[in-house]
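Notes to accompany the following structure.
Each ligand, and each atom within it, is numbered from 1 in the order the structure gives.
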Amino acid sequence: MKSIVVLASGNGSNFEAIVKKFREWKLNVDVKELITDNKDAYVIKRAKKLKVPVGVLDFHGFNSRKEYNATLLSHLERLSPSLIVLAGYMRILPAFIVRRFERKIVNIHPSLLPAFRGLNAIERAYKSGVKYTGITIHYVDEGVDTGEIIEQRCIRIENGESLSHLEKRIHRLEHYYYPRVLRMLLTNHF
Ligand code: GAR
């Protein structure tokens, strides 16, 4: 049976959308675990409610970034999922994890890459004056938001639209497409 693990650091709305859609579709894919680096992340509450096992690797409880990432690697190797899904995971995966799971790690980013890589992408796009922005789903490589693009969807920023309204529309787009793209990668069915 195919399986995924999801890595998330904060709110977890994408994680929840993925779990709910996979269940609704009765997809034969096991969501093995939600892994978080943040012991206070709201995503933990969502996972518990959805009865998905939670792995908390509290970043601040480790002596170094290297120690944290080494633990994360062995945790991922033990779970051995078909795909590692980043959904608002706010740390950069080191090269030794990326290489170990080449083309098995997928990320979602709230802009049309290569535009607005990195943090606060929605707000930076909004303030830049561009008329179109969107979402990108891509494989993770050793750079920051530079991996091979799998899917992109764009939306027009309406005249006079508020940032919070744009954020809502971006998240809606993410929640619609991320589960579908993952399903395609796992089953070849979009
Ligand atoms: C999402 O908008 C995702 O695209 C973004 O974080 C948000 C997480 O929301 N990811 C990045 O910016 C990665 N560079 P969620 O926790 O509610 O799913």
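- If you take CG on L83 and CG on L182, they are separated by 6.5 Å, rounding to the nearest 0.5 Å.
- Without hydrogens or angle criteria, S82 side chain to S3 main chain gives a donor-acceptor distance under 3.5 Å.
- The protein non-hydrogen atom at the shortest distance from atom 17 (O) of ligand 1 is S13 OG, 2.5 Å.
- With ligand atoms numbered from 1 in the order given, ligand 1 contributes 6 (O), 10 (N), 11 (C), 12 (O) to contacts under 4.0 Å with heavy atoms of M90.
- Partner of L7 under the side chain to side chain contact (heavy atoms under 4.5 Å, CB included) criterion, chosen from V43, L76, I105: L76.
- When each atom of ligand 1 is checked for a heavy atom of G88 under 4.0 Å away, the hits are 6 (O), 8 (C).
- In this structure, atom 16 (O) of ligand 1 lies nearest to the protein heavy atom G12 N, 2.7 Å.
- Close contacts of ligand 1 with N11, meaning ligand atoms under 4.0 Å from a residue heavy atom, involve 16 (O), 17 (O).
- Taking distance alone, with nitrogen or oxygen atoms compared against 3.5 Å, Y89 stays at or beyond that limit from ligand 1.
- Side-chain atoms of W25 and R180, non-hydrogen and from C-beta on, do get closer than 4.5 Å to each other.
- Proximity of a side-chain donor or acceptor of Y126 to a complementary backbone N or O of E161 within less than 3.5 Å is detected.
- The only member of I84, L57, V56 that meets side chain to side chain contact (heavy atoms under 4.5 Å, CB included) when paired with I35 is L57.
- Formation of a donor-acceptor pair under 3.5 Å by the K32 side chain with backbone atoms of L79 is found in this model.
- Regarding atom 10 (N) of ligand 1, its nearest protein heavy-atom neighbour is I108 O, 3.6 Å.
- Not a single heavy atom of A8 lies less than 4.0 angstrom from ligand 1.
- Ranking protein heavy atoms by distance to atom 14 (N) of ligand 1, first place goes to H109 ND1, 3.1 Å.
- With ligand atoms numbered from 1 in the order given, ligand 1 contributes 2 (O) to contacts under 4.0 Å with heavy atoms of H171.
- Between the side chain of T133 and the main chain of S111, no donor-acceptor pair closer than 3.5 Å is present.
- The protein non-hydrogen atom at the shortest distance from atom 9 (O) of ligand 1 is N14 ND2, 3.9 Å.
- At the top of the distance list for atom 12 (O) of ligand 1, counting protein heavy atoms only, stands P110 CD, 3.4 Å.
- Both tests pass for R91 against the ring of F59: distance under 6.0 Å to the centre and angle within 45° of the axis.
- With hydrogens left out, the protein atom closest to atom 3 (C) of ligand 1 is E174 OE2, 3.4 Å, a heavy atom.
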